Amino acid sequence: MIVTRGLTKTYGRVTAVDGVGLDVHAGDRYGLLGPNGSGKTTLVRMLLGLVFATRGEIEVLGLPVPRRVRDVLPSVGAMVEGPGAYPHLSGRANLTLFDAAGPGGGRRDRRRRVDEALDRVGLAGIDRRPVRAYSLGMRQRLGLAAALLRRPRLLILDEPTNGLDPRGIREIRDLLTELNTDGTTVFLSSHLLGEIEALCTRVGVMDRGRLVLQDDLATLRAPTGRVLVGTPDTDRAVALLDGRVERSDGGTLTVRHPDPAALNAELVAAGVRVSAVAAERRSLEQVVLDATTTSADRVEAA
Ligand code: ATP
C-alpha cells in the first residue's frame with residue numbers, strides 16, 4: 001500500500017527524513033511513532049506529494065509519487081497538520097465544498113456522501129454550526145469526515161487525535177478500527193505510544209529522521225519465555241519451582257517457563273493455589289526504548 005526506499009529529505013543542513021524504507025501492507029493499522037521533530041510530518045507530506053523528496057522512491061497504492069499522485073489521491077483520505085476548514089461556514093458546508101472536488105455524481109449522491117461522513121464521525125447533529133464555534137475535537141472529526149468522503153482504500157493521518165480529550169481519542173480509535181475492519185488501510189503518525197499500542201497492528205518508530213524499527217506489534221510483543229503467576233502460596237510455589245523463579249513481587253512470581261498452561265497445571269497438581277497466570281510480554285514502551293537513542297521522556301508513554 002505504501003512503500004518507500006531510501007527516502008530522504010534535507011532542509012539546508014537539517015536531514016528531516018533519512019533513508020526511510022516504509023512498508024505498509026494492505027489491511028494494516030500502521031502507526032508511525034516518534035517524538036516531535038523526528039520527521040513524521042515531513043514523511044507524511046512526501047507520501048502525499050506535498051513535499052518533494054531530496055532522494056529516494058515512494059510508491060502509494062502501487063503507483064510512484066509524486067509522478068502519479070493525481071491517480072493516487074482519489075483513493076486516499078488524508079489529514080495533515082490539522083484539518084483545514086473555512087471558519088465562517090458550517091461543517092456541512094465545508095464538506096459540501098470539499099466534496100465538489102471529489103468523485104461527482106448527482107446532487108442526491110453528494111448529499112448522501114456528506115451525510116454519511118458526518119454521521120460516521122458523530123457530527124450529524126451539530127453540523128450547522130460555523131466551524132469557528134467547533135472545539136478542537138470537533139474540527140479534528142470534521143477533518144476525518146473530509147478524509148472519508150471518497151470512501152478511501154487508504155487513510156493517511158498525521159496526529160489524528162492531537163488535542164482531543166480521552167473520550168474523543170477513544171471515539172476516533174473506534175472509528176478507525178471500524179473503517180479498518182471494513183477494508184480501509186490506516187496509516188497514522190503519533191507521538192503517543194499508548195495510542196499506537198491501543199490502535200495499531202503494525203508499528204514504525206522514527207528517531208531523528210531514521211526509521212529505527214518496523215514490525216508487526218504482535219511480533220514485537222512476542223512472549224519473553226517467562227510466565228507471570230499470581231498466587232497466595234508464594235513460598236510453596238518457589239520451593240516447587242526450584243531455581244526457575246526469577247522474581248517474587250507482592251504475590252506475583254516471574255517464572256522462566258515457555259508455557260503458562262503447563263505451568264498452571266503443574267502448580268495446581270501440587271496443591272498451589274493460582275489466582276492468575278499469563279505469558280510475560282515486552283511492552284511497546286520497552287521495545288521503543290531499546291530501539292531508540294532519543295531520551296525516553298520524549299516519547300510519551302501516556
Ligand atoms: P512534529 O510532531 O513536531 O511535527 P515531526 O516528527 O512531524 O514533528 P517534522 O515536522 O517532520 O517532525 O520535522 C523534522 C525536522 O525537520 C525538524 O528538525 C524540523 O525543524 C525540520 N523541518 C521540517 N520542515 C522544515 C522546513 N520547511 N524547513 C526547514 N526545516 C524543516
Side-chain angles (χ1 to χ4, degrees), residues 2-24 28-58 60 65-66 69 76-85 136-137 139-141 143-144 147 154-166 168-169 172-173 176 186-200 202-215 284-285 287-289 291-302:
I2 304 175
V3 178
T4 71
R5 293 180 206 94
L7 189 61
T8 300
K9 177 69 185 179
T10 56
Y11 292 105
R13 285 190 191 163
V14 177
T15 305
V17 173
D18 190 0
V20 165
L22 271 186
D23 187 12
V24 180
D28 279 350
R29 294 197 297 272
Y30 187 111
L32 186 68
L33 178 69
N36 291 338
S38 58
K40 304 181 301 294
T41 300
T42 305
L43 179 54
V44 170
R45 292 175 72 90
M46 284 193 283
L47 299 180
L48 295 167
L50 299 169
V51 164
F52 290 132
T54 310
R55 273 192 302 285
E57 292 166 33
I58 307 172
V60 178
V65 170
V69 77
V76 175
M79 188 165 76
V80 186
E81 295 199 300
L136 185 56
R139 281 174 204 235
Q140 210 73 347
R141 283 193 261 160
L144 261 182
L154 171 66
L155 277 173
I156 297 183
L157 310 168
D158 190 23
E159 300 270 1
T161 56
N162 225 2
L164 298 187
D165 58 20
I169 291 176
I172 297 287
R173 189 195 303 154
L176 293 179
V186 178
F187 174 87
L188 61 91
S189 76
S190 175
H191 63 284
L192 296 174
L193 198 142
E195 179 176 318
I196 286 195
E197 191 161 31
L199 174 65
C200 294
R202 195 162 154 79
V203 185
V205 178
M206 296 283 291
D207 185 30
R208 293 183 292 181
R210 305 183 71 93
L211 188 69
V212 293
L213 181 77
Q214 175 171 248
D215 215 331
L284 182 58
E285 185 179 13
V287 172
V288 169
L289 288 177
T292 54
T293 50
T294 310
S295 69
D297 57 0
R298 293 185 60 205
V299 175
E300 291 173 34

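Just so it is clear, the model here is predicted, and its values are computed rather than measured. Numbering of ligands and ligand atoms starts at 1, following listing order.
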Any chance CZ of R173 has more than 12 other-residue heavy atoms, nucleotides or ligands included, within less than 6.0 Å?
yes
With no hydrogens and no angle check, do the side chains of T161 and E195 hold a donor and an acceptor under 3.5 Å apart?
yes
When you compare ligand 1 with A16, is there at least one nitrogen or oxygen pair between them that comes in under 3.5 angstrom?
no
Return the set of residues passing salt bridge (charged side-chain N to carboxylate O under 4.0 Å, His left out) with R29 (not counting sequence neighbours), or none when no residue passes.
none
Which atoms form the tightest heavy-atom contact between Y30 and D23, and what is the distance?
CE1-O, 3.8 Å
Where ligand 1 meets S38 - atom numbers and elements under 4.0 angstrom, heavy-atom basis
5 (P), 6 (O), 12 (O)
Within 4.0 Å of some non-hydrogen atom of K40, the atoms of ligand 1 are 2 (O), 5 (P), 6 (O), 7 (O), 11 (O), 12 (O)
Option set G37, G209, S189, criterion heavy-atom distance to atom 14 (C) of ligand 1, minimum:
G37
Any G34 heavy atom less than 4.0 Å to ligand 1:
no
Side chain to side chain donor-acceptor pair (under 3.5 Å) with R55: which residues, sequence neighbours excluded?
none
Under 4.0 Å from a heavy atom of T42: give me the atoms of ligand 1 that qualify, with their elements.
9 (P), 11 (O), 13 (O), 23 (C)
Please classify the P35 to ligand 1 contact at 4.0 Å (heavy-atom distances, strictly less than): side chain, backbone, both or neither.
backbone
Option among L32, L188, V76 that satisfies the side-chain contact (heavy atoms from CB on, under 4.5 Å) test with I156
V76
